[in-house]
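Here's the structure we're looking at; comments come further down.
Hydrogens, waters and symmetry mates are skipped; everything else that's a heavy atom, side chains included, is used.
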Amino acid sequence: MSLVSLPFFIFICVLLILYYRMDSKHQWKILLLAGLFFHAWSNPYLIVFLLISIFAAWKLMLNPVKSHFVWVIVINLGILILFKYSVNLGVKDLAAPLGISYYTFMTIGYAHDCYDKKIEPQKNLFHYALFVSYFPQMTQGPIGVYQEMMPQFLNTHSFDPDNIKKGAYRILIGLFKKLVIAGRVAFYIDTVYSSPENFGGLTLITATFFYLIQLYADFSGYMDIVCGISQMLGISLKENFQRPYLAKSIPEYWRRWHISLNDWYRVHVYMPAVTAGWNRKLSKTMGKIFKKAKKGTLRLIYPTILVWTLTGIWHGAKFSYLAWGVYFAVIMLMSFCTQSYVKKINEKIHWNKDSIFVKIFQIIRTMIIVAVGELIFRSESFSDTMTIFKNIFTDTRISGSSIAAAMTPFGNGNQAAASMLIIAILIIMQAVVEISKERNEKAFTGHRYVYAALMMITIALFGVSGASNFMYQAF
Amino acid sequence: MEELLQHLKEIRDDVDFENETELIDGKILTSFDIIQIIAMLDDEYDIAIPAVEIVPKNFNSAGAILELIDRLKG
């Protein structure tokens, strides 16, 4: 059931009525049933795997000893690997259970926290089942943290018109980002990236920057929709984005993009690896060779490589994904290793960090580094990546024909120019909407109705119907 | 305490470790800084900090870090 579809709209309306009309002590049961129904709708047979995962993790972690924790990992990762890499493993291409990546992350996170004694194991199977199968976050995250979500699920929620209004507004923002912005630029990107050898540098650069816009609009648009739905139910989800393209460095960018996934990796993979005995020994040995290196820097070399390689192949068994992971591992390590030198150089040349020009320079620099990474990610093969880089640097003619070629996916002549102008206006509008979203905590003021009306009109006029699949669902 | 403050200053000389009590919650230290601190504690005090101890309350102030050292040493 796509989030952008009539069945889903009906599902939400029925759910809201039941949720607020019935005795509030039954609210969590309604959410659990809704989650299982939502999952079964996509494929009624594959829900078996979700149920196996829920029961196994719940039962094993009632006694959170090491062997049980290891079993939870083996069972969950086993199922995930089977479905994700079925083609590579020589099995036929299997349709994966809905949201398997995300509920696997949540399950392993829960088991790890139980094992570390950060939380008490949940004794009620059905309460635990709700944590894993809460439908707004099941398909694509945000990856829920047990101790943040469980108290909210078990609380009762009374009907609050303000939550409904704010939630609906947020959903509208999400639809606008997804259907209008991501949907529009998708045509251009798909055309260019499906045969990059036919396009010059200008077109390829434009397509790559459009891809950054598409990724953000699609993914954060989805988050706006699910956060909005959850707000209507009185449950607040973790924010997954914090204006990532305004980050001034790559480490900062990754603290603002897909936050729940990066938090998960930090707590459950990165920090355990940093503090692991093997890493401690390795970094001490390296310290004897690289005497001048900072001890902390040596400590994070292997964990950084590990986390980024895992993140890369988590997206799928494809060369582009692995290369993307390695690329960001190298960039992150370079950023850590050069930090003290950069600081010294900055002091010498009296580089004023607070100056607006320096900030803009840093933002643009970060965006270019990200763009190169996403170019690798989006390429359909290694040879395509090479072709794109080659054309960007060798085919930089700005002639009438190359501009016409760049416009081709939008149509010809005036039609193309008009389309480009509309997209530019939409992006500016989006920035305005983003800023107004930050004031979401305040009262729902009158100007929101104007924005809401504007967004509805633009969605109706320029929304791409049929663009109902979200990019991150595939992962 | 003096010795610890000295080591912390070597990691971040722009932070007021003596008075600051929200080093993590106030987002003053990054995860990179925390790893530097973990490596420093390992080198200078010979303590291996388990991942489960890396929580905000153990790193929010120099005092909290000192308590962590004493606890793990003891």
Side-chain angles (χ1 to χ4, degrees), chain A residues 64 112-119 147 242 248-252 254-256 262-263 265-284 286-288 293-304 307 332-333 335-340 343-344 346-347 353, chain B residues 1-17 20 22-62 64-74:
Chain A
H112 189 194
D113 285 347
C114 284
Y115 171 66
D116 271 352
K117 305 212 165 21
K118 282 186 192 161
I119 52 172
Q147 47 274 51
Q242 222 174 23
K248 293 190 283 295
S249 70
I250 291 294
E252 190 193 346
W254 286 113
R255 284 196 293 275
R256 289 160 165 252
N262 292 313
D263 280 354
Y265 268 114
R266 199 189 62 243
V267 175
H268 302 297
V269 184
Y270 194 70
M271 283 306 182
V274 165
T275 50
W278 57 268
N279 186 41
R280 205 175 156 219
K281 275 185 205 148
L282 272 173
S283 61
K284 285 200 170 174
M286 281 181 37
K288 287 174 193 153
K294 271 193 174 180
K295 300 287 184 296
T297 313
L298 296 173
R299 267 287 177 105
L300 49 77
I301 292 178
Y302 295 105
T304 305
V307 164
M332 292 292 265
L333 287 176
S335 156
F336 295 141
C337 294
T338 55
Q339 218 169 49
S340 55
K343 207 174 158 191
K344 274 182 202 155
N346 288 350
E347 277 165 12
K353 264 197 328 195
Chain B
M1 188 67 170
E2 279 307 310
E3 188 193 346
L4 175 66
L5 285 172
Q6 188 63 37
H7 292 308
L8 290 172
K9 279 274 164 206
E10 280 167 22
I11 292 168
R12 280 283 297 271
D13 58 3
D14 57 331
V15 175
D16 178 14
F17 284 104
E20 192 54 66
E22 287 206 324
L23 291 170
I24 310 294
D25 292 331
K27 298 197 169 163
I28 297 167
L29 295 184
T30 64
S31 58
F32 179 66
D33 298 326
I34 297 163
I35 293 167
Q36 302 284 345
I37 294 175
I38 293 166
M40 178 272 287
L41 295 178
D42 196 342
D43 279 354
E44 303 294 335
Y45 300 87
D46 196 29
I47 47 171
I49 298 174
V52 65
E53 295 285 1
I54 305 173
V55 286
K57 79 173 170 55
N58 286 340
F59 290 87
N60 259 333
S61 66
I65 299 174
L66 198 62
E67 262 175 45
L68 178 71
I69 298 172
D70 290 343
R71 190 151 48 82
L72 291 175
K73 276 235 156 194

Please report all inter-chain donor-acceptor pairs (under 3.5 Å) between chain B and chain A, with distances to 0.1 Å.
{"unit_1": "D13(B)", "atom_1": "OD1", "unit_2": "K343(A)", "atom_2": "NZ", "d": "3.1"}
{"unit_1": "D42(B)", "atom_1": "OD1", "unit_2": "R280(A)", "atom_2": "NE", "d": "3.2"}
{"unit_1": "D42(B)", "atom_1": "OD1", "unit_2": "R280(A)", "atom_2": "NH2", "d": "2.8"}
{"unit_1": "D42(B)", "atom_1": "OD1", "unit_2": "K284(A)", "atom_2": "NZ", "d": "3.3"}
{"unit_1": "D42(B)", "atom_1": "OD2", "unit_2": "R280(A)", "atom_2": "NE", "d": "2.6"}
{"unit_1": "D42(B)", "atom_1": "OD2", "unit_2": "R299(A)", "atom_2": "NH2", "d": "2.3"}
{"unit_1": "A51(B)", "atom_1": "N", "unit_2": "T275(A)", "atom_2": "OG1", "d": "3.4"}

Note: P272(A) and A51(B) closest approach over all heavy atoms is CA-CB, 3.7 Å

Bottom line for I54(B): the part with an atom under 4.5 Å from chain A's heavy atoms is side chain

